[in-house]
Amino acid sequence: MITQITVENFKSIENLSVDLGRINVFIGANGVGKSNILEAIAMLASERSGLIETKDMISKGIRIAKPDLMIGSFFGKKVIEEIGSCIYFNNLRNPECPLRYRIYNLNYLDVFSRWSCNVSLPPRGGMPTEKRVEEYDKEKDEKKNYISQYLIYSLSTSALRGITRENYELPLGINGEGLDVLLNNLPQEEIERIKEIAEDCISWIDDILLDKEETYKMQGYKLGRSISNLYFRDKYMQKKNNLFSAENANEGALHLLFYLTLFISKRTPDFFGIDNIETGLNPRLCRYLMKNLASLVEENDKQVLITTQNPAVLDGMNLHDDNQRLFVVTRKDNGATKIERIKLKPMRDGKDVQNKLSDLWMKGFLGGIPDNF
């Protein structure tokens, strides 16, 4: 697991350090740089043989811009022509020895110029022996592999319904593609766990089915030409007529099912980001989902960075658990992104009664809200 990440000179980030837990939630006003934090890590994850291709960056969930807009540019300061990062781990050998990234562009003013990347571990004193070199290379590979699997998921209801397919990352695309295929290939115990939580969260779900032989398709259940073989049964409808496909399911059920699959499956990344997790979800469901996800990251050894604009998400967190961390993202006077961790639920007026985090955020006690109107 990653314990700390530092980022320098990426988009709105001038110099930033964040200490991570297992589930990390970032809140703040629009445009302060929450997504940039997720994208900075995706930039590192795009590194392939020292060269970062545009298609790799897009497939990771990065919003691509001209090279000179990908690096920091602050009024009155000289432009630094590279992006830097250090990443610290706690469950691999030599955790005190971070993985260092240096991402640079030989001609950042050229629209089509490509990025290059150097990845290294700092030396540990003295001329390394042959054995130490071997351990050094193995440690570097382990850490790079943990980073390289990172994706930013930003769900599209059309992709979840099988109407559009733009991303081909396996086993799940960053917009929700491939959910039915992954569900069809999960062990039964994972399927049962997903169904258990899904049926608990959404009252109308009676069953979740996969039409492996496309029998339902041939009977006309997918007139919208969805490519998804995912189906639901509604327990409030007549049993002879309670089946419908993903293209007709409500978006909340699809988003919920995707997140449960993402967190439970052993085939999905161990480390990933989610941008705007609240999309398509009722506020109360957001709260309940977060409580479940906090347990699932522990059960399945996952680590996730999440952005949200919905205060209800915060009410599903337990900030007394050090694995659950809340960060408020704002901008400094010069426009650079800054971050502050909220460690405990604040109390007001000396009272021994803790207020809901959602109320504290909306009333301005946590920060991270627009203050220009």
Side-chain angles (χ1 to χ4, degrees), residues 59 61 149 151-219 221-235 237 242-274 277 279-281 285 288-290 292-293 295-297 299-302 304 306:
S59 70
Q149 64 185 309
L151 299 169
I152 303 171
Y153 293 100
S154 182
L155 299 189
S156 158
T157 303
S158 292
L160 287 166
R161 286 180 173 152
I163 304 298
T164 62
R165 185 176 179 87
E166 298 177 357
N167 185 277
Y168 289 87
E169 284 285 337
L170 296 174
L172 292 174
I174 60 173
N175 302 128
E177 301 90 342
L179 176 59
D180 60 328
V181 177
L182 178 55
L183 285 169
N184 188 53
N185 287 276
L186 291 184
Q188 190 59 34
E189 62 270 18
E190 292 183 1
I191 290 288
E192 293 303 322
R193 184 77 171 113
I194 291 168
K195 285 186 176 183
E196 174 191 358
I197 301 176
E199 291 171 11
D200 192 34
C201 288
I202 298 185
S203 61
W204 59 262
I205 295 180
D206 184 53
D207 200 2
I208 299 168
L209 307 169
L210 292 157
D211 185 20
K212 301 178 184 180
E213 305 297 329
E214 297 200 333
T215 303
Y216 300 141
K217 174 184 177 181
M218 301 308 295
Q219 294 175 1
Y221 282 94
K222 292 200 299 185
L223 296 180
R225 302 300 190 267
S226 165
I227 63 172
S228 173
N229 286 328
L230 179 63
Y231 288 79
F232 296 86
R233 288 196 182 276
D234 188 328
K235 70 180 182 183
M237 298 172 65
N242 68 348
L243 179 72
F244 52 91
S245 66
E247 68 182 32
N248 291 306
N250 73 76
E251 60 181 352
L254 294 170
H255 285 239
L256 172 73
L257 188 58
F258 181 92
Y259 290 134
L260 295 178
T261 305
L262 177 63
F263 277 76
I264 290 173
S265 173
K266 292 180 175 59
R267 297 175 182 267
T268 55
D270 295 324
F271 179 47
F272 53 90
I274 298 174
I277 194 171
T279 303
L281 300 177
L285 179 56
Y288 189 65
L289 175 62
M290 281 300 299
N292 279 279
L293 297 185
S295 298
L296 292 176
V297 290
E299 291 175 18
N300 301 291
D301 198 21
K302 304 281 188 179
V304 59
I306 295 170

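Everything quoted here is computed from the prediction, not taken from an experiment. Position 1 is the first residue of the sequence, and the numbers go up from there.
Proximity of a side-chain donor or acceptor of Lys302 to a complementary backbone N or O of Leu296 within less than 3.5 Å is not detected. The closest donor-acceptor contact from the side chain of His255 to the backbone of Leu281 lies at 3.5 Å or more, if one exists at all. The backbone N or O of Leu223 sits less than 3.5 Å from a side-chain atom of Arg225, completing a donor-acceptor pair.
Side-chain contact between Leu186 and Ile264: absent, with no pair of heavy atoms (C-beta onward) separated by less than 4.5 Å. In this structure, the side chains of Leu155 and Ile274 stay at 4.5 Å or more apart for every pair of heavy atoms. In this structure, the side chains of Glu190 and Thr261 stay at 4.5 Å or more apart for every pair of heavy atoms. Between Leu257 and Leu183 the shortest side-chain heavy-atom distance falls below 4.5 Å. Counting only heavy atoms from C-beta outward, the side chains of Leu160 and Glu251 never approach each other to under 4.5 Å. Taking the side chain as every heavy atom from C-beta outward, Tyr221 and Phe244 never approach each other to under 4.5 Å. Taking 4.5 Å as the limit, every side-chain heavy atom of Leu293 sits out of range of all side-chain heavy atoms of Val304. The shortest side-chain heavy-atom distance between Thr164 and Asn175 does not fall under the 4.5 Å cut-off.
When all heavy atoms of Asp180 and Ile227 are compared, the closest pair comes out as OD2-O, 3.9 Å. The two atoms that bring Gly224 and Glu247 nearest to each other are N-OE2, 2.8 Å, heavy atoms only. Nearest heavy-atom pair, Leu260 versus Ala198, reported as atom, atom and distance to 0.1 Å: CD1-N, 3.6 Å. Heavy-atom minimum distance, Leu182 versus Arg267: CD1-CD, 3.7 Å. Closest approach of Phe263 to Asn300, counting heavy atoms only: O-ND2, 3.2 Å. Of all heavy-atom pairs between Pro269 and Leu151, the closest is CG-CD1, 4.4 Å.
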Asp234 vs Asp206, side-chain contact (heavy atoms from CB on, under 4.5 Å): CA-CA, chis, key distance, verdict:
CA-CA 5 Å; Asp234 188 328; Asp206 184 53; over 6 Å; no
Could you walk me through whether Ser154 and Ile174 pass the side-chain contact (heavy atoms from CB on, under 4.5 Å) test, one step at a time?
CA-CA 6 Å; Ser154 182; Ile174 60 173; over 6 Å; no
Begin from the C-alpha positions of Lys235 and Asn242 and carry the test side-chain contact (heavy atoms from CB on, under 4.5 Å) through to its verdict.
CA-CA 7 Å; Lys235 70 180 182 183; Asn242 68 348; over 6 Å; no
Does Lys195 form a side-chain contact (heavy atoms from CB on, under 4.5 Å) with Asp207? I'd like the steps, not just the answer.
CA-CA 8 Å; Lys195 285 186 176 183; Asp207 200 2; 3.1 Å; yes
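Just one of Asp211, Asn229, Asn248 meets the side chain to side chain donor-acceptor pair (under 3.5 Å) condition when paired with Lys222; it is Asn229.
Met237 contributes atom CE, which lies 13.5 Å from atom CZ of Phe232 (distance to the nearest 0.5 angstrom). Distance check, rounded to the nearest 0.5 Å: CD1 of Ile194 to CD1 of Ile191 gives 5.0 Å. Rounding to the nearest 0.5 Å places CZ of Phe258 at 12.5 Å from CG of Leu230. Taken from CG in Leu254 to OG in Ser228, the straight-line distance is 8.0 Å, to the nearest 0.5 Å.
Note on Glu299 versus Arg193: salt bridge recorded, some NZ/NE/NH1/NH2 to OD/OE distance being below 4.0 Å.
The closest side-chain donor-acceptor pair between Asn292 and Tyr259, if any, does not fall under 3.5 angstrom. Between the side chains of Ser245 and Lys217, not a single donor N or O lies within less than 3.5 Å of an accepting N or O.
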